[in-house]
Amino acid sequence: MGAERTDSRGPSVAREQPDARSDLRLIALVGEGDGEAFHELYRKYQSRLARFLSNLVRHPHLVEEVLDDTMMVVWERGGSFKGESKLSTWIFAIAYRKAMRAALRHDEPVEDKEAEVRASGEASPEDEYGSSKVHGLLREAMAELSPEHRAVVDLTYFHELGYREIAEILGCPVDTVKTRMFYARRHLRRCLAGDLSDWI
Amino acid sequence: MLMPWHVNGTLDAAEAALLEAHLTECAECRADLEAESALRAMVAAMPHDATPAEPARLPRLRQPAPLAAPRRFFARRVPLGWMLAGQAAAAAVVAFVLVVPQSQPAVDPAYRLLGSDEQAAAGNVIVLFAPDSAEHELREALGQVGGRLTDGPTASGAYVIRVNAADRPAALERLRGMRQVVLAEPIDADGGP
């Protein structure tokens with residue numbers, strides 16, 4: 001959905017968050033058992049959730065399973081959504097809890113065992129992203145982070161969420177979000193070292 | 001600590017103002033801001049391994065069970081096409097109920113259709129409130145348009161109300177502008193659009 005975005009954004013740039021009114025309308029209909037509204041909601045969130053989940057569970061089949069489980073909860077409990085948070089926050093929080101449980105159930109390693117293979121230069125599906133050294137380093141560096149740290153990085157940089165909303169999704173204090181981000185950025189920047197300047 | 005959220009534009013005005021004020025006088029942080037923007041752009045551009053196939057994959061859903069029963073949408077795999085066809089049929093039934101019943105006699109005393117007999121016949125607007133609406137908000141909405149509750153909640157959670165026929169267009173407009181109202185539609189011919 002937004003993986004191709006590479007623009008450098010500042011505070012004044014409008015963000016592409018799903019339209020909140022449209023979300024409320026859809027979830028109200030889903031709460032009444034409207035399957036078509038559910039499908040619209042599913043299509044709207046599918047890509048963003050897949051991206052988010054792929055940072056929490058490593059196997060694509062598990063991403064798909066957790067995504068379906070998440071949306072099943074949305075279908076079954078849509079009527080109980082009270083609008084106390086944004087719908088996207090509610091859905092991402094469900095996805096996060098589901099993913100962490102799935103990772104435990106499947107005993108997924110925190111570190112990415114495939115990182116070494118990818119770093120060796122072997123052709124991979126990510127080649128379109130670029131085969132430059134800096135991309136490989138970033139991928140490796142991200143893989144070395146814990147799922148919780150990756151989640152904060154991805155929710156901030158890709159999904160463009162504020163730290164308060166991220167804290168709601170992850171169910172942790174805002175200071176934990178800030179601290180995780182601090183250590184994650186330090187790790188990423190250390191790994192990229194001078195290569196980051198190529199992007200500036 | 002707040003630099004990543006300054007770059008993604010989610011800081012509130014006070015936080016952003018403080019940070020920007022600091023940036024004007026700190027060269028080190030200005031350089032840090034550039035590095036932060038670069039890092040954000042790189043991470044945002046990273047592809048993920050679980051990109052869904054196009055067209056977007058949809059789960060196969062089964063028809064929702066009655067509201068009181070637990071609904072396991074994915075438990076039984078039914079092709080999407082069948083499900084959508086079922087929904088189209090259901091929509092046709094709803095349309096029939098909304099359009100035709102005024103001229104229909106009540107078929108069975110155990111059932112009451114919108115627009116049929118007594119209370120329902122008195123209603124001329126159907127209103128669906130947001131799921132989180134409190135009871136006092138419903139009363140407030142009715143009070144503002146001089147409406148009287150005549151029926152509901154219907155199976156879909158909507159309410160039938162009666163407003164003065166001459167004032168109905170204005171009442172509808174007012175209802176539609178209310179935060180707690182998801183839908184407000186006329187349901188009979190008097191004073192219609």
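Every chain is numbered from 1 and lettered A, B, ... according to where its sequence line falls, protein lines coming before strand lines. Note: hydrogens, waters and symmetry copies are ignored here, and every other heavy atom, side chains too, is used.
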**Message:** Between D34(A) and R25(A), does any side-chain N to carboxylate O distance fall below 4.0 Å?
**Reply:** no
**Message:** Under 4.5 Å side-chain heavy-atom separation, chaining through any Ile, Leu, Val, Met, Phe, Trp or Tyr, what else clusters with L29(A)? Say none if it is isolated.
**Reply:** none
**Prompt:** Any idea how Y96(A) and F52(A) line up, ring-wise: parallel (<30°), tilted (30 to 60°), or perpendicular (>60°)?
**Reply:** tilted
**Asked** Under the 3.5 angstrom rule, does the side chain of R168(B) hit a backbone N or O of V163(B) as a donor-acceptor pair?
**Response** no
**Request:** Give me the contact list for residues 168-181 of chain A versus chain B, heavy atoms only, anything under 4.5 Å, ordered by residue number.
**Result:** V177(A), K178(A), T179(A), M181(A)
**Message:** Among residues at least two apart in sequence or on other chains, which ones pass ring-ring contact (aromatic ring centres under 6.0 Å, His included) with Y163(A)?
**Reply:** W5(B)
**Prompt:** With only heavy atoms counted, which part of I27(A) is less than 4.5 Å from chain B, the side chain, the backbone, both or neither?
**Reply:** neither
**Fill in**
Contacts of L33(B) meeting side chain to side chain contact (heavy atoms under 4.5 Å, CB included) (sequence neighbours excluded), chain-then-number -> M3(B), H6(B), V7(B), L23(B)
